[in-house]
Amino acid sequence: MMAPSYRIPNLLSGTAGPSYNSKLMGTAKTDVARRVRQALTRMANRQALGSEVSDQTTSDDLARAARGYLGDAQILIASNREPYQHVQTPSGIEVVRSPGGLASALDSVARATGATWIAQGAADADRLVCDEEGRVRVPPGNERYTLKRLWLEPETRALEYRRFCNGCLWPLCHIVYVRPHFVAPRWRAYQEVNEQFAEAILSSLGARPGLVLLQDYHLGLCASALRARRPDLSIVMFWHIPWPNREVFRTFPWRRELLEGLLACDLVGFHIQYHATNFLDTVAQELESHIDHERFAIRRRGRKTFVRTYPISPDAAEISLAASEPWAARGAEQVREQLRLGDAQVVLGVDRLDYTKGIPERIAAYEHLLENHPELRGRVAFIQIAVPSRVDLPEYQSLAVTVEELTARLNRRFGSADRPAIHLITRNLGFRDLIPYYVLADVAVVSALHDGMNLVAKEYVAAKVQLDGALVLSPFTGAARELDQAIQASPYDTEALAAAIGRALTLDPAERARRMRAMREVVAGQNIYDWARKILRDARRLHLVSGAPRPGASR
Ligand code: G6P
C-alpha cells in the first residue's frame with residue numbers, strides 16, 4: 001500500500017550551466033551531512049530495536065540466496081502494474097510509486113535480486129524516460145534494476161485491464177456481491193495482452209535460462225504462451241488475490257482456458273491454504289487431471305504443477321526503523337495539529353478506494369459506535385485515507401460517491417465545523433507521508449470483505465514500535481490467519497464491527513502491548529525477503545530451475 005514518491009529533475013530540460021553546478025556542489029555538501037546524520041540515527045534506532053530488527057532476513061540475504069539457488073538463470077518479474085510511474089507535472093517529470101501491495105512488495109524483491117521487471121507503461125511521461133526498447137533503470141536516484149515497459153494500444157488496454165481484469169476477474173475472485181461482467185471481446189483482449197507479455201518476456205530473456213515470476217490475475221494465460229516457445233523455462237505464478245470456491249468459478253465462461261494457463265506454470269502460489277485448496281478443487285472439477293493431495297501437485301498431460309502457499313509481508317524492518325525516527329513522531333504531531341485533533345484518540349483506515357475493502361461498512365460501524373456511545377463523540381477522530389483507484393469503472397465511481405455521502409452524513413450528525421467526526425483523505429500518500437499516520441493511530445481498522453492478504457494490517461503492526469496501537473481486522477483477509485492477536489470482527493456485521501472498534505479504543509494498555517508484541521513477532525519473522533526466498537528455494541528444490549534449457553516440456 002505504501003508508495004514512496006520521488007521528485008526528479010525534468011529529464012528533458014536543457015544542459016546545466018555553471019550556476020546550476022555550483023548550486024549542486026553546495027547541495028552535495030549539505031546532502032552528505034544530512035546522510036551522515038540519518039545513518040547515525042538509523043544505527044541508534046537499529047540498536048534500540050535490537051533483535052527484533054537485526055534477526056530479520058535482509059535484502060542481502062535474499063540476494064545471496066538467489067545467486068545460490070538460481071546460478072546463471074535470469075529472474076524476470078512480470079505484472080500488469082508497473083512499480084514506478086513517470087508523470088508530467090508543471091515542474092517537470094515526477095516519479096511516483098504505484099499504489100497497491102503488489103507493487104511495493106515486489107519492488108523490494110526486484111531491488112534485492114536485480115531482476116528485470118516487465119509491466120505495462122501507463123503514465124503520461126513513461127515513454128519519455130525509456131530507451132527505444134522501453135527500458136528504464138529504477139528506483140530513481142538509487143538505480144537497482146531494469147523496468148521494461150510494454151506499450152499497449154489504449155483500446156486493448158481498456159478492454160483487457162479496465163473491463164476484463166477489473167470488471168470480471170476481480171469481482172469473480174473476491175465474491176463480494178459485485179457481479180462480474182463476462183464479455184467475449186474483453187476476454188479476447190485479455191488473451192492478446194497475455195501474448196504480448198509473453199513476447200516481451202521472451203525477447204528480454206533471449207536464449208538464456210530463466211525463472212519467470214508472473215504476478216497476479218492479469219497474467220493468467222501468459223505461461224501457456226511462454227511454454228509453447230520455451231518449454232525449458234521455469235515459470236512461477238503468484239496469485240495475489242483470493243481464489244474463489246468451485247461453485248463461483250463455474251460461472252466463468254473461460255474457466256478451462258484460464259486453468260490451462262495456470263497449469264502451464266511449474267509452481268502456483270497463493271497467500272493462504274484456503275485459496276490453494278479452492279484452486280485444487282476447481283481443477284479437479286473442471287479438467288481431467290491427476291491431483292496429488294500428498295504433494296499438493298497437479299499432473300496433467302505429462303506436466304506437473306506444484307501448488308504452495310507463501311503469505312506475503314512487507315519489509316517490516318524498514319517500516320519499524322522509519323517509524324522510530326524523529327521525523328515520524330514530528331509528522332504525527334503535525335497531522336494532529338493540521339487536523340485539529342486535540343487530544344482525541346485516533347482511528348485509522350488506509351485503503352485503495354475499492355469495494356472489496358469494506359470502507360462503507362467501516363464508516364457505518366463507526367457511526368453505530370458514536371450513536372450508542374455519546375461519551376466518545378468529540379473524543380475520537382476517524383481518519384480514512386482512500387486512494388483513488390480504477391476510477392473509470394462505474395462500480396468505483398459509485399463507491400467514491402457513497403463514501404463521500406456517508407462521510408458527510410456522519411459529520412453532520414456527530415461532527416462540528418472545527419472537529420469533524422471523520423476526515424476523508426482521497427489521495428495517494430508516499431512512504432514518508434504515511435508512516436506518521438500509523439505512528440499517530442491508536443487503532444487501525446482493516447475491514448475488507450475479502451482480501452488475498454492485506455498488507456496495510458501488517459504495515460501498521462510493523463510501524464507500532466511503541467506497542468501503543470490496536471488492530472481491528474476482518475476475518476476475511478489472508479492476514480487474519482497470521483495476526484490472530486488482532487481484534488477480529490466481520491465487516492458484514494455492523495454491531496460486531498462497532499463493538500470491536502470500541503473495544504480496541506478502550507483496551508487496557510498492558511493487554512494492547514501484549515497483543516501488539518505478539519503480532520510484531522509474526523510480521524518480523526515473515527518479511528518480504530523470506531517470502532521471495534521461499535519461492536526461489538522451492539523453485540530449486542522442486543527441480544524447477546536447471547540453469548540450462550531442459551530437453552522437453554514433460555517431467
Ligand atoms: C491489488 C491487486 C494488484 C493491483 C493492485 C492495485 O493489490 O492484487 O495486482 O496492482 O490491487 O490495483 P491496480 O488496478 O491499480 O493495479
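Indexing begins at 1, ligand by ligand and atom by atom, following the structure's order.
Within the structure, the closest approach of Gln215 to ligand 1 does not fall below 4.0 Å when heavy atoms are considered.
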Steps toward salt bridge (Lys or Arg N to Asp or Glu O under 4.0 Å) verdict (Asp266, Arg227): CA-CA 10 Å; Asp266 298 291; Arg227 191 62 75 204; 3.0 Å; yes

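Of the listed residues (His218, Arg352, Gln120, Glu82), the one carrying the non-hydrogen atom nearest atom 11 (O) of ligand 1 is Arg352.
Nearest non-hydrogen protein atom to atom 12 (O) of ligand 1 is Arg390 NH2, 2.9 Å. Considering only non-hydrogen protein atoms, atom 14 (O) of ligand 1 sits nearest to Tyr161 OH, 2.5 Å. Closest to atom 16 (O) of ligand 1, if we only count protein heavy atoms, is Arg81 NE, 2.9 Å. Ranking protein heavy atoms by distance to atom 2 (C) of ligand 1, first place goes to Asp216 OD2, 3.3 Å.
Where the criterion is an N or O separation shorter than 3.5 Å, residue side chain and backbone included, Ser389 fails it with respect to ligand 1. Checked by distance only, ligand 1 and Asn80 stay at 3.5 Å or farther apart across all their nitrogen or oxygen atoms. Here's the thing with His240: none of its N/O atoms is less than 3.5 angstrom from an N/O atom of ligand 1. For ligand 1, the polar-atom distance check finds no N/O of Trp170 at less than 3.5 Å from any of the ligand's N/O atoms.
The pair Glu160-Arg157 does not count as a salt bridge, with every side-chain nitrogen at least 4.0 angstrom from each carboxylate oxygen. Salt bridge Arg246/Asp281: absent, no basic N to carboxylate O contact under 4.0 Å. Looking at Asp530 and Arg533, a side-chain N of the basic residue comes within less than 4.0 Å of a carboxylate O on the acidic one, giving a salt bridge.
Looking only at atom types and distance, the side chain of Tyr355 has no donor-acceptor partner in the side chain of Glu395 under 3.5 Å away.
In this structure, Trp170 has its ring center no closer than 6.0 Å to that of Tyr396.
The side chain to side chain donor-acceptor pair (under 3.5 Å) test with Gln384 singles out one residue from Asp351, Thr407, Thr426, and that residue is Asp351.
Counting the atoms of ligand 1 from 1 in the order shown, those under 4.0 Å from a heavy atom of Ile241 are 8 (O).
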What pairs of donor and acceptor atoms, side-chain ones from residues 183-192 against any protein atom, are under 3.5 angstrom apart with sequence neighbours left out?
residue: Tyr190; atom: OH; partner: Tyr217; partner atom: O; Å: 2.5
residue: Tyr190; atom: OH; partner: Gly220; partner atom: N; Å: 2.9
residue: Glu192; atom: OE2; partner: Gln196; partner atom: NE2; Å: 3.4

